[in-house]
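For reference, the structure is listed below as structure tokens.
Proteins get letters first, then strands, A, B, ... in listed order; numbering begins at 1 in each. Every heavy atom of this structure was used, including side-chain atoms; hydrogens, water molecules and symmetry mates were not. This one's a predicted model, so the numbers in the text were calculated from it and none came from an experiment.
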Number of protein chains: 2
Amino acid sequence: MTAQVLSETTASRMNPTGAFGAIGVRMQFAAGEEIYAQEEEADLIYQVIEGSVRTSRLLSDGRRQIGDFYYPEELFGMEAGDEHRFSAEALSDCTILVAKRSAVRHCGDERERLEKVIWAATTHELARTQEHLFMLGRKSACEKVASFLMLAAERVRGDLTTLVMSRQDMADYLGLTIETVSRMLSQLQSGGIVEFVGCRSFRVIQPSGLARLVTA
Amino acid sequence: MTAQVLSETTASRMNPTGAFGAIGVRMQFAAGEEIYAQEEEADLIYQVIEGSVRTSRLLSDGRRQIGDFYYPEELFGMEAGDEHRFSAEALSDCTILVAKRSAVRHCGDERERLEKVIWAATTHELARTQEHLFMLGRKSACEKVASFLMLAAERVRGDLTTLVMSRQDMADYLGLTIETVSRMLSQLQSGGIVEFVGCRSFRVIQPSGLARLVTA
DNA sequence: CGTTTCTTTGAATCCGGTCAAGGTCCGTGG
DNA sequence: CCACGGACCTTGACCGGATTCAAAGAAACG
């Protein structure tokens, strides 16, 4: 890990309201850099301050599954019961707040609040993972891609949504190949459901049409 | 829910060491009966005492995804951030210990222990879900079925493993059809990897062959 | 402006799904 | 005790959606 650790005082000066306040340390990661490794045991918990992060799991033969994408303010790294099943990498250059879980215990009046925050993030993570699971198990390629776009669009205010990840990342999140993702995107576009502006930004033209494909 | 609620004193007499001790209530469910519904909000947490349970999610068009299977001593129902994304049904006749989460808070000296138990179960659940997610996204039909058998066999001591679920349940857990599951089982059997004794019990003949297919 | 990387599109292939038939296991009742 | 019926499981033939392989096009970068 070649990431740069900022001093705790600097961190506090820059963002005194990060989820972990005094016990967190800021770190910088360059795009593509690993934040933690698969099978690494860790007592750490992370919060995105700036940039975005993906968690992924790699098989020896190169197959990859992406767990999730994380954006500013979101916590990640909760799943380490004993060790991480997924690794985490910076999608873009980013700033991450890192805190030691065991430090929460010696945190006095903050303790209660911090435990609540971590608990909420963990159950939220579980819910998201279950949603993702369902999508992988029972949705067609077209429904998967439509769901993905819909989720991305919901994160944004304003009608233009920009994707922070590559087609390969989308494919590995959805359990598809890049070619299939690309084809489905073209199909959704020629069907008048969405419109792309360059390959990383799009606009939903027919929300109802998109919603129908998502099949909740 | 037509399940029968046993009195708390009866419950305590029958199993004084259930995870939730005093605050738990025993309930009986018949095979196939629903324990809680999809989208039901609940502050409850459950422990299998006897029998087995599956969680599942149904789409309006009939597609179903099974979340997981639960066996005696295991906790389930943790994912209700706000509401359940999956329903839970009894696979066989079973006895379930049900406790109110909010009751844990007023539990005196037991509180610490109970919170720890629930926390452990939740992170364990998250880890299992991630494992399952990976399987659905990136494994072939054969690898999925092999993984399923391996997991089932690991739960058991002695060489004969009995499956508590139908082929349909397996298929809906693995994101496949019953026909494909059946074909893969036949294939594993004719390849000398496993041997079935009736359609619900099997024995692993070649552990290394099975492990190779699981592709960790 | 050239090079590299990422994305799209097309054609051929293959894995898993669909449809259909037959088999097995069990419980019920004659 | 055996015959019948229904639920579950297996197998086969065919089909189709997603992958693979290949090439062209677009975008990012120095």
Give me, pair by pair, the N or O atoms of the protein and of nucleotides 25-28 of chain D that are less than 3.5 Å apart, along with how far apart they are.
none

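Between R167(B) and the phosphate of dT10(D), there is a side-chain N or O to OP1/OP2 separation shorter than 4.0 Å.
Pairs engaging residues 163-177 of chain A under the salt bridge (charged side-chain N to carboxylate O under 4.0 Å, His left out) rule: R54(A)-D169(A), R64(A)-D169(A), R64(A)-D172(A), D172(A)-R138(B) [sequence neighbours left out]. Among residues at least two apart or in separate chains, salt bridge (charged side-chain N to carboxylate O under 4.0 Å, His left out) pairs with a member in residues 177-198 of chain B are E195(B)-R203(B).
The bend of the helix from dC1(C)-dG30(D) to dG30(C)-dC1(D), defined by the angle between the axes of its first five and last five pairs, stands at 40° to the nearest 10°.
Evaluation of the salt bridge (Lys or Arg N to Asp or Glu O under 4.0 Å) rule for E131(B) yields R57(A), R85(A) as partners, not counting sequence neighbours.
Ring pair Y46(A)/H84(A) is tilted by interplanar angle, where 30° to 60° counts as tilted. Using bins of under 30°, 30° to 60° and over 60° for the plane-to-plane angle, the ring pair H132(A)/Y173(A) lands in the parallel bin.
With hydrogens and angles disregarded, a donor-acceptor distance shorter than 3.5 Å links the side chain of Q189(B) to the backbone of F196(B).
Distance CZ (R138(A)) to P (dG17(D)): 17 Å, rounded to an integer number of Å.
Interface remark: the R183(A) side chain does form a donor-acceptor pair with the dG10(C) base, using a distance-only criterion of under 3.5 Å.
For residues 170-181 of chain A, proximity to DNA chain C is found at E179(A), defined as any non-hydrogen atom under 4.0 angstrom from a strand atom.
Base engagement by S182(B) is indicated by at least one non-hydrogen atom pair under 4.0 Å involving a base atom.
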